[in-house]
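Data first, discussion second: the structure below is written as structure tokens.
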Amino acid sequence: QLHLEESGGGSVQAGGSLTLTCTWSGYTDVNYCFGWFRQAPGKEREAVAIIDGHGATNYPDSVKGRFTISKNNAANSLSLQMNSLNPEDTAMYYCAADRVLGPIGTKYELVPHFDYRGQGTQVTVSS
């Protein structure tokens, strides 16, 4: 059983940056993938990043080049560096984890459906 907790959300103006952090407790191994997804009011969950147990990452086109996911296994910590934010990035952001086998490919699409997730942290970008 994994427990995840996010922090670092807030309000920022368009063009600004934020870094989200997620800490976890519980057992994981190299077959666990971690990721971030977001959900804006009235919209479906949208994956924004994934990182696998070997450090491979992938992102959807909507955030590629602006968002960077990283993981510190020694600290049980996951981060999402978000740059060049725009109002369309406004949402509740969640970290999530699950055991996923095989190459990372486009598995970021699975992140919103991972078994383990935190409570979320709000990101608001004003124009």
Side-chain angles (χ1 to χ4, degrees):
Q1 191 80 6
L2 279 179
H3 175 76
L4 299 99
E5 186 169 349
E6 304 93 341
S7 61
S11 297
V12 65
Q13 289 192 328
S17 299
L18 276 176
T19 299
L20 306 183
T21 300
C22 172
T23 55
W24 75 85
S25 59
Y27 173 80
T28 65
D29 59 35
V30 69
N31 292 314
Y32 274 79
C33 286
F34 284 77
W36 293 89
F37 70 92
R38 64 188 180 187
Q39 188 167 25
K43 294 189 177 181
E44 294 187 355
R45 296 174 182 175
E46 177 190 18
V48 295
I50 188 171
I51 185 167
D52 71 8
H54 302 288
T57 61
N58 207 353
Y59 310 85
D61 289 344
S62 58
V63 305
K64 193 172 291 185
R66 300 190 298 123
F67 289 13
T68 303
I69 187 172
S70 60
K71 184 157 67 78
N72 183 334
N73 291 321
N76 282 17
S77 176
L78 181 75
S79 295
L80 184 70
Q81 174 67 43
M82 305 184 294
N83 298 325
S84 302
L85 287 162
N86 58 64
E88 289 69 39
D89 296 315
T90 295
M92 186 72 80
Y93 283 70
Y94 301 84
C95 65
D98 208 339
R99 197 165 184 268
V100 180
L101 301 179
I104 196 170
T106 57
K107 287 188 170 68
Y108 58 77
E109 298 173 343
L110 302 176
V111 173
H113 309 288
F114 279 1
D115 281 347
Y116 304 103
R117 66 188 68 156
Q119 294 298 307
T121 185
Q122 178 67 37
V123 172
T124 302
V125 185
S126 58
S127 57

Quick check for you: to the nearest 0.5 Å, what is the distance between [X] atom [atom1] and [Y] atom [atom2]?
| X | Y | atom1 | atom2 | result |
| --- | --- | --- | --- | --- |
| Glu46 | Glu88 | CD | CD | 11.0 Å |
| Ile69 | Gln81 | CD1 | CD | 12.5 Å |
| Thr57 | Ile50 | OG1 | CD1 | 10.0 Å |
| Leu80 | Tyr93 | CG | OH | 7.5 Å |
| Ser77 | Phe34 | OG | CZ | 10.0 Å |
| Cys33 | Ile51 | SG | CD1 | 9.0 Å |

Can you see which heavy atom on [X] is nearest to which on [Y], and at what distance?
| X | Y | result |
| --- | --- | --- |
| Ile104 | Ala56 | CD1-O, 3.2 Å |
| Ser62 | Arg66 | O-NH2, 3.0 Å |
| Leu4 | Ala97 | CD2-CB, 4.2 Å |
| Gly8 | Leu18 | O-CD2, 4.0 Å |
| Ala47 | Phe37 | CA-CB, 3.8 Å |
| Ser79 | Thr21 | OG-OG1, 4.1 Å |

Can you find a heavy atom in the side chain of [X] that is under 4.5 Å from one in the side chain of [Y]?
| X | Y | value |
| --- | --- | --- |
| Thr23 | Asn76 | no |
| Met82 | Val12 | no |
| Arg38 | Val63 | yes |
| Asp89 | Val123 | no |
| Thr68 | Tyr59 | yes |
| Phe114 | Val100 | yes |
| Phe67 | Leu85 | yes |
| Gln122 | Thr90 | yes |

Charged N to carboxylate O under 4.0 angstrom, Asp52 versus Lys107? no
Verify the cluster assignment for Leu2 and Trp36: are they in a single hydrophobic cluster under the rule of side-chain heavy atoms below 4.5 Å apart? yes
Using the rule that Ile, Leu, Val, Met, Phe, Trp and Tyr join whenever any side-chain heavy atoms are under 4.5 Å apart, tell me whether Val48 and Val111 fall into a single cluster. no
Answer with yes or no whether the side chains of Asn83 and Ser17 bring together a donor and an acceptor at under 3.5 Å. yes
Residues Gln13 and Ser126: side-chain donor-acceptor under 3.5 angstrom: no
So, [X] side chain and [Y] main chain: donor-acceptor pair closer than 3.5 Å or not?
| X | Y | result |
| --- | --- | --- |
| Glu6 | Gly120 | yes |
| Asp98 | Asp115 | yes |
| Asn86 | Ala14 | no |

Parallel under 30°, tilted from 30 to 60°, perpendicular over 60°: which one fits the rings of Tyr32 and Tyr116? tilted
